[in-house]
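Here the structure comes first, spelled out in structure tokens, and everything after it is commentary.
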Amino acid sequence: MTKLLALRSRGATEPRSARVVLRELDDSEVVAQFLAGEKLAFDELVERYQTRLLNFVYRTTGDRERAEDLVQETFIRVYRHLHRFDQTKKFSTWIYTIASNLAKNELRNRSRNPLVLFQAIKKNWDADQRPLEWEDNTYRPDDLFRKRHLRRMVESVVSELPEHHRTVFVLREMEGKTYEEIADITGCNLGTVKSRLNRARNNFAQIIAPLLD
Amino acid sequence: MVDCATFLDLYSEFRDGFLPPDMSRDFEAHLDVCASCARYDQVVAKGTRLVADLPELEPSADFLPRLQNRISDLERETRAPGQTASGTSASAVLSIAAALALAAWLPVLRTGSGPYRLPAVTAGAPDRDLPALFMAGPLLRHTALLHRDLSPAALADRDQHLLFRYYPVGEPIPASVAFQVAGR
């Protein structure tokens, strides 16, 4: 942060130089820069989070176009309310919380909308009811096809997890969030996060097991 | 010794390294002796590796321009929070409204709050055939003049008042009309 302030005070208003300096700052420093009036700091936050949030929201909602819209909305909310953000907290947790809430609302609205019921039905399938199937040796495609197919199947398996399991699973396995961060993002207590993650992994294992042989 | 149910219950914490060291060792030992739990551990490990390796989506080409447009709109709103869509400020609108209200109330305000002075009314003594002239309109009619003495002296007497009694049209006027003199 000092570097950027020094750069600005020397009259170096070149956006490129400012962006280079911003890139070296951690999230909290970039947030502080934005709140101090450095508009480029917001671009830096967008740069850092757009892809991560897009993937998180996409894995949660299963709809790429809507995921982009929701990530846009996330950034708009960040822009509007950043002055209210408690800077003692982690910015990444805050922005993921916003995105997660938007994704949750999207799924809730979708489940009320009969036009998209097809997707909703598939996603709300309760994997808990599925019997354990560890062995399935009937599937032997060639390697390349198998790899591509497997990738599609993995995506499909993730999307089949019940919503509250899926969010926790994606945050842990794909975003690498800690249990505490997941608890903050989802608004659940730590015990709920642990049990949901355990059940999500269990569901995931049951569905993916036959595909791994 | 850990059984399969406990292993599955606490598996996530074991996998993420949140179990106490001695419990974690028990779990490791259980994996050595239980093929089913060992298989479960392998499936989760391999499956989650595949999940982590899924290709990342990239935002579409118009993602940033769209966001920048929306941010620009927001900035415009933030810069002029009191402005309406026409560009007229809220304070200007309020000033115009106040001026219009003032213009509307001006005649009232200008007269002040003093007593109203009405134009003088002059009345003359009625003729004897006054009843014929005093027809009060389509709905009311009056009796004959009720005062006997219509001389200037009698009219100047402030204790006496000429009174008429009015009746609705169509209602018969009593034969003996009342004669009233106020104050008597």
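Residue numbers begin at 1 in each chain, while the letters A, B, ... track the order of the sequences. Worth saying up front: this structure is predicted, and the values here are computed from it rather than measured.
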Nearest-0.5 Å distance, CD of residue B/Glu56 to CE of residue A/Met174: 8.5 Å
Side chain proximity check, A/Thr51 to B/Leu57, heavy atoms < 4.5 angstrom: no
Heavy-atom contact with chain B under 4.5 Å, split by part of A/Arg64: side chain
Most chain A-contacting option - heavy-atom pairs closer than 4.5 Å, from B/Leu10, B/Val44, B/Leu74: B/Leu74
B/Leu8 side chain reached by A/Arg201 side chain, heavy atoms, under 4.5 Å: no
Part of B/Arg15 lying under 4.5 Å from any heavy atom of chain A: side chain
Among B/Asp53, B/Leu50, B/Leu64, residue most engaged with chain A (heavy-atom pairs, under 4.5 Å): B/Leu50
Any side-chain donor near an acceptor of the partner, B/Glu75 and A/Tyr79, under 3.5 Å: yes
Region of A/Asn198 in contact with chain B, defined by heavy-atom distances below 4.5 Å: both
Straight-line distance of B/Asn69 CG to A/Gln72 CD, nearest 0.5 Å: 9.5 Å
Side chains of B/Thr48 and A/Phe169 in contact at under 4.5 Å (non-hydrogen atoms): yes
4.5 Å side-chain heavy-atom contact, A/Val71 and B/Phe63: yes
Pick from B/Glu58, B/Arg49, B/Gln68 with the largest number of heavy-atom pairs that fall under 4.5 Å of chain A: B/Glu58
pair B/Leu54-A/Arg151: side-chain heavy atoms closer than 4.5 Å: yes
Validation row: A/Arg59, B/Val51 side chains within 4.5 angstrom (heavy atoms): no
Non-hydrogen side-chain atoms of A/Glu68 and B/Pro59 separated by less than 4.5 Å: yes
Derivation of the side chain to side chain contact (heavy atoms under 4.5 Å, CB included) call for B/Asp16 and A/Arg172: CA-CA 10 Å; B/Asp16 292 327; A/Arg172 179 67 193 165; 3.1 Å; yes
Euclidean distance, B/Lys46 NZ relative to A/Leu212 CG, rounded to 0.5 Å: 5.5 Å
Gap separating the CD atom of A/Glu65 from the OG atom of B/Ser60, nearest 0.5 angstrom: 8.5 Å
